[in-house]
2 protein chains.
Amino acid sequence: MEKKREVTIYDIAKELNVSPSTVSRALKDHHSIGKKTKKAVLKLAEERGYQPNVIAASLRSNRTNTIGVITPWINRPFISSLISGVEMTANKQGYNVIISQSHDSYENEVANAKALYGSRIEGLIVSLAMESTNYDHFQKFLKKNIPVVFVDRVPDDINTTKVVINNYEAGFKATQHLIEQGCTRIAHIGGVRHRNVYKERMDGYVAALRQYDLTIDDNLIIESDRLSSEEGFRIAKYLLNLPERPDGIFSANDTAAVSLIKYAKSVGVDIPNDVAVIGFNNDPISTIIDPPLSTIIHPAIEMGKLAATQVLNREDQTDIVKSQTIMLDTELIVRESSRRVVIPKESITKA
Amino acid sequence: MEKKREVTIYDIAKELNVSPSTVSRALKDHHSIGKKTKKAVLKLAEERGYQPNVIAASLRSNRTNTIGVITPWINRPFISSLISGVEMTANKQGYNVIISQSHDSYENEVANAKALYGSRIEGLIVSLAMESTNYDHFQKFLKKNIPVVFVDRVPDDINTTKVVINNYEAGFKATQHLIEQGCTRIAHIGGVRHRNVYKERMDGYVAALRQYDLTIDDNLIIESDRLSSEEGFRIAKYLLNLPERPDGIFSANDTAAVSLIKYAKSVGVDIPNDVAVIGFNNDPISTIIDPPLSTIIHPAIEMGKLAATQVLNREDQTDIVKSQTIMLDTELIVRESSRRVVIPKESITKA
DNA sequence: TAAAGCTACGCAATCGATTGTGTTATCAAT
DNA sequence: ATTGATAACACAATCGATTGCGTAGCTTTA
């Protein structure tokens, strides 16, 4: 099988008796090329099925038209939606998106960053691994002025652009909602504290309790490093069997909240009347569980689009604005898992 | 801000008073380079933080170490898991993965294929858009001997490697299971017929009915082009209000099945005793719905890994085996949505 | 009519790594 | 001491596209 050589600008140049540079310029619609020549080049290029060699162009121009993405996993509702958003705007602007996953491991994250750096990506979008507390592996991008945008799970001590949701406010709203439903003993199922999203949701939770003069009971604040379905069951078992059972639970994700509801049902605890529950993320499962789970909406696709926009627009820009945090609002979705028939006390004022 | 030039083999060569070719060979552990020279080169490369320019190497060697993926969407449980699998094996072999989504549109699929072709990918993994019935846009890959592997939603008239599940058998098993539970009037919620997966699931369904001498009623066979949640409701409404209501329903995906169950519950139809239901995919929601949904397991991550393996191993291989279909087995998961207490009639023999 | 200004294009270097083809030492063998 | 073999490296072309600079030819202007 003979290798069919690709058509190059040289082939076209030779055939038209012009120079390769003329062909190159004609193809790029350069002003200094005559109309006739331009037309002839375009025509022949079309005929010969000319495909520009982006690799060669990349080498010369030092641009790859590619951005990279590092996320913990890609097969999770929130993250896959986020990546979907990234792909949409990148695609629209003619950029490729290279993905990689850290599996929540620091080592993988470092390895992925290194690989992407080697691939000469022009921008990087990262949602941090659960494990990561050191962020040096991103410095080489910044030093080379390659924009790095963090999304959702972001570091706090690095000077760059971040796209996040207002986790604090969301945590506050969720908790406040439970309070307004008459809950007074509210537990929180949270993630690891060193990860901004979980810390802030908890902070919001604590702040709400404070604002409404409710006691903060450390026994009701759980820190889980997984927030998986299994963890959800384990935690549910613990919380619902406490001597003084909580009457409201704010979970930092839907997965754990759903497991908790399932467990509650299995032991005859009434949701929402015995215990009101609210989750986080608005995963598909939240609408399926019975009773449907109240939750917080994450604008995942939007976040992806925004992150991509940030990365792409940061390019060849002066570094006046080095750091920036874009904070998106969330929305509280009240469903049956937390909607009580009881009228909240009048003493409670809306914030 | 001064542009820091990257360290090249020329820099290293100059500093060591050797030629760039020697540096290149030393870095690649070529045999014709002396130990001392090799060591010196490696040492200096390390010191200077040399990063090989993959673009330049690509241009010369005509290899990009990149594969492309085109899927309808990426934010769907099955597909994101599939991509996750692709990424894992590609990453392990040092390949990048560029993703793109067709949004189930033929036009997008064509555009994506074109873009990826331009990006000089070395392999392509595709799950077809719902719309696509023409596959010419993949021919240019095949002509250039770039491996194309189709996954799950595959064309039937193209000569290349495919990774699929045994949809026919799965459809058969699902239907047979309903029959064994005593259902005699079984409906099927299917997808568009021109898409292999849906056609085959339906074929399996029909075959099972035939084998057990049940009548095939066209009114009970629905073709939906979305199989969305909304469609599920619409179809549920239709099916459950038929004069002769079906007593079993096999849905080609979980989304529609779950909607159907929800609707059934809302109108007081007992699942599984009035109507037994089975879905397809084992989406997370299938375990959350009450009663839990029986379904068919798709080995999504495995399929992704396999597809990637196929693509990567097909390279620089002679084209002896041009076409190959790898068919994976599925598993029937019986949950409460289809488990009846009734003993199936003795007349029913297992296949 | 000569100087100045365009128009339309060609030349050749460049981006870095790779690789086929030399070219020198060095050493063993006769 | 001469030859052939081998080790260790250098040269230079190559992969295609891009681009700063240069120039021939034609037009315009004083």
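As the structure is a computational prediction, the values presented were derived from the model and not from experiment.
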Could you go through B/Val311 and B/Tyr95, starting from their C-alpha distance and side-chain angles, then the distance that decides it, and tell me whether this counts as side-chain contact (heavy atoms from CB on, under 4.5 Å)? CA-CA 11 Å; B/Val311 158; B/Tyr95 275 75; over 6 Å; no

Figure out the CZ/C1' separation between A/Arg63 and D/dT19, and round it to whole Å.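 Taking atom C1' of D/dT19 as the reference, CZ of A/Arg63 is at 16 Å.
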
Please report, rounded to the nearest Å, how far the P atom of C/dC9 is from the NZ atom of A/Lys39. 13 Å

Are the side chain of B/Thr71 and the backbone N or O of B/Trp73 linked by a donor-acceptor pair below 3.5 Å? yes

Is there a donor-acceptor pair under 3.5 Å between the side chain of B/Glu131 and the backbone N or O of B/Tyr106? yes

Side chains of B/Ser84 and B/Ser81: donor-acceptor distance under 3.5 Å anywhere?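 There is no such pair (donor and acceptor under 3.5 Å, judged by atom type) between the side chains of B/Ser84 and B/Ser81.
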
So A/Ser32 and A/His30, side-chain hydrogen bond (donor to acceptor under 3.5 Å, both in side chains) or not? Walk me through it. CA-CA 6 Å; A/Ser32 84; A/His30 194 277; 3.1 Å; yes

Describe, in one word, how the ring planes of B/Phe78 and B/His298 are oriented to each other, choosing from parallel (under 30°), tilted (30 to 60°) and perpendicular (over 60°).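 Rings of B/Phe78 and B/His298: tilted, 30 to 60°.
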
Give the C-alpha distance, both sets of side-chain angles, the deciding distance and a yes or no for side-chain contact (heavy atoms from CB on, under 4.5 Å) between A/Lys43 and A/Glu46. CA-CA 5 Å; A/Lys43 180 157 169 285; A/Glu46 174 66 36; 5.8 Å; no

Polar atom pairs (N or O), protein with nucleotides 16-18 of chain C, under 3.5 Å:
from, atom 1, to, atom 2, distance (Å)
C/dG16, OP2, B/Arg5, NH1, 3.4
C/dG16, N2, B/Ala56, O, 3.3
C/dA17, OP1, B/Tyr50, OH, 2.5
C/dA17, OP1, B/Asn53, N, 3.3
C/dA17, OP2, B/Ile9, N, 2.6
C/dA17, N7, B/Tyr10, OH, 2.7
C/dA17, N6, B/Tyr10, OH, 3.1
C/dT18, OP2, B/Ser24, OG, 3.1
C/dT18, O2, B/Arg60, NH1, 2.1

Might you work through the side-chain contact (heavy atoms from CB on, under 4.5 Å) test for A/Asn53 and A/Glu6, ending with a clear yes or no? CA-CA 9 Å; A/Asn53 187 324; A/Glu6 291 286 319; over 6 Å; no

Close N or O pairs between protein and nucleotides 6-9 of chain D (under 3.5 Å):
from, atom 1, to, atom 2, distance (Å)
D/dC9, OP1, B/Thr37, OG1, 2.3
D/dC9, OP2, B/Gly34, N, 2.4
D/dC9, OP2, B/Thr37, OG1, 3.0

